[in-house]
Amino acid sequence: MATSPGPGALPELEPGTLPPGAGALRAQVREFLAGQDFTPRCDSWLTGADPAFSRRLAERGWLGMTLPPRYGGHGRSPLERFVVIEELLAAGAPVAAHWIADRQIGPSIAAHGSEGLRRRFLPAITRGECFFAIGMSEPDAGSDLASVRTRAERVAGGWRLHGTKVWSSGAHLAHAILVLARSSPADGDRHAGLSQFVVPLPGEGVTVRPIRGLAGEHHFNEVVFDGAFVPDGLLLGAPGDGWRQVTTELAYERSGPERLLSTFPLVRLLAERAATPAGRRAAGGLLTRLWALRQASLGVAGALARGRAPDIPAALVKDMGTRFEREVIEVVRAHCPAEPDPASPDPLARALAQAVVQSPGFTLRGGTSEILRGIVARGLGVR
């Protein structure tokens, strides 16, 4: 297992910089990837699920990197984790199975969960044996999470959930789903009365139905709760604390390299194949913008490493990053003679097909662009 000093041993760093040893860690990840057999793909963190690959990462100590060692984690810095996931995404590696559990559920349980929740789930997440889905969005409540209608009714020994969640990535593969539900009336404050529950999957009273994409692929799901019982021990945090907890989680969800590197296989292929001066300039322009966005994402990772909750910078990274991702497709199509074809032997045609199919979701998942710009505007005091 690769080793490195924990976050407490890292020196204070300038914003946008990586800790000592980052180069060696990056080299370890690249060496590992060179020995793996997988087909690179765009949007691999959402569509490329391979549980066996996730377990191999866990064996190297690259899952649960920032979680406390007493719960099986590795006590490393978010900046060290940034290095690992940056390399995995750039390679188009199949990381979707563990992605949500490692990115935000593990840190949320570590921060807000009871001792029982931590001991039950964190070691399993770190071993690559427990995958999670998110139950936030609903048919009539997408980015406006305060309007969720899923209800949590108090019963003896726990709660019963009633409602429907949509766009729950990987719920058909997950061992549990973290559900946001209304546990008490709002009483004039829409953000009050919301709680989060860990619901094991599969489970009685829970139905997972596929939502297929444009090309028939299955990674999204509808999850229906019909009186599903959740014992008190699976409540995350205190009743009514759900909104505060969710806003913290969204900083992890919105700011990572996955908001910049979902289409990186296309950028790499454009840089390799551009045959005209205009094509080479286009590739250079994309790489220049990518570097600037990467520095912004790295800045958020640094803030997380210092224990801050950078929700406004995270929203900005997500908005700019997903716009960039869609523009990558346009630039590649303008400068490379390839048509999208998922069955083509040409890696460029395959990657282009994957990116085109996934691109409608770029500006939706993790919050629509309109919602994100509203968050930034409020942070600037102009709304």
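Every heavy atom of this structure was used, including side-chain atoms; hydrogens, water molecules and symmetry mates were not. What you see is a predicted model; the values in this text were computed from it and never measured.
- More than 12 heavy atoms of other residues, nucleotides or ligands sit less than 6.0 Å from atom CD of E272.
- Shown here are the ring pair (Phe, Tyr, Trp, His ring centres under 6.0 Å) partners of F229, two or more places apart in sequence or in another chain: there are none.
- Tracing side-chain contacts under 4.5 Å through hydrophobic residues (I, L, V, M, F, W, Y), one never reaches V206 starting from V155; they form parts of separate clusters.
- Not a single donor-acceptor pair under 3.5 Å links the side chain of R41 to the backbone N or O of G92.
- The backbone N or O of S262 sits less than 3.5 Å from a side-chain atom of E325, completing a donor-acceptor pair.
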May I have the step-by-step check of side-chain contact (heavy atoms from CB on, under 4.5 Å) for Q354 and T47, ending in yes or no?
-> CA-CA 9 Å; Q354 294 160 4; T47 65; over 6 Å; no
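- With S195 contributing its side chain and G240 its backbone, the two residues share a donor-acceptor pair below 3.5 Å.
- Judged by distance alone, the side chain of R118 and the main-chain N or O of A110 form a donor-acceptor pair under 3.5 Å.
- More than 12 heavy atoms of other residues, nucleotides or ligands lie within 6.0 Å of CD in E115, so this atom counts as buried by the packing criterion.
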Side-chain donor-acceptor contacts of residues 167-177 below 3.5 Å, not counting sequence neighbours, with atom names and distances?
from, atom 1, to, atom 2, distance (Å)
S168, OG, I134, O, 2.9
H172, ND1, N221, ND2, 3.2
H175, ND1, F131, N, 2.8

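- No donor-acceptor pair under 3.5 Å is formed between the side chain of T66 and the backbone N or O of P78.
- In this structure, the side chain of S297 does not engage the main chain of L293 through any donor-acceptor pair within 3.5 Å.
- Between the side chains of E138 and T150, at least one donor-acceptor pair of N or O atoms lies under 3.5 Å.
- Clustering ILVMFWY residues whenever any of their side-chain heavy atoms sit less than 4.5 angstrom apart, transitively, puts F38 in the very cluster that holds L46.
- Annotation: ring pair (Phe, Tyr, Trp, His ring centres under 6.0 Å) contacts of H335 (sequence neighbours excluded): none.
- Other residues, nucleotides and ligands contribute more than 12 heavy atoms inside 6.0 Å of the CG atom of D341.
- The residue from R294, R81, R30, R259 that alone fulfils the salt bridge (Lys or Arg N to Asp or Glu O under 4.0 Å) condition with E86 is R294.
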Could you please spell out the steps behind the side-chain contact (heavy atoms from CB on, under 4.5 Å) verdict for W62 and D102?
-> CA-CA 10 Å; W62 293 334; D102 183 66; over 6 Å; no
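- With respect to the salt-bridge test (charged N to carboxylate O, under 4.0 angstrom), the residues R55 and D50 do not qualify.
- Under the side-chain contact (heavy atoms from CB on, under 4.5 Å) rule, R120 has a single partner from S114, C130, P200, which is P200.
- Ionic pairing of E327 and R323 is not present here: no N-O contact between side-chain nitrogen and carboxylate oxygen is shorter than 4.0 angstrom.
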side-chain contact (heavy atoms from CB on, under 4.5 Å) between Q196 and L180, worked out = CA-CA 5 Å; Q196 287 184 296; L180 180 68; 4.0 Å; yes
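- Transitive grouping of hydrophobic side chains (ILVMFWY, heavy atoms separated by less than 4.5 Å) brings L352 and L287 into a common cluster.
- M136 and V224 fall into different hydrophobic clusters, where Ile, Leu, Val, Met, Phe, Trp and Tyr are joined by side-chain heavy atoms under 4.5 Å apart, directly or via other members.
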Derivation of the side-chain contact (heavy atoms from CB on, under 4.5 Å) call for Y71 and R119 | CA-CA 6 Å; Y71 301 115; R119 294 198 177 279; 3.9 Å; yes
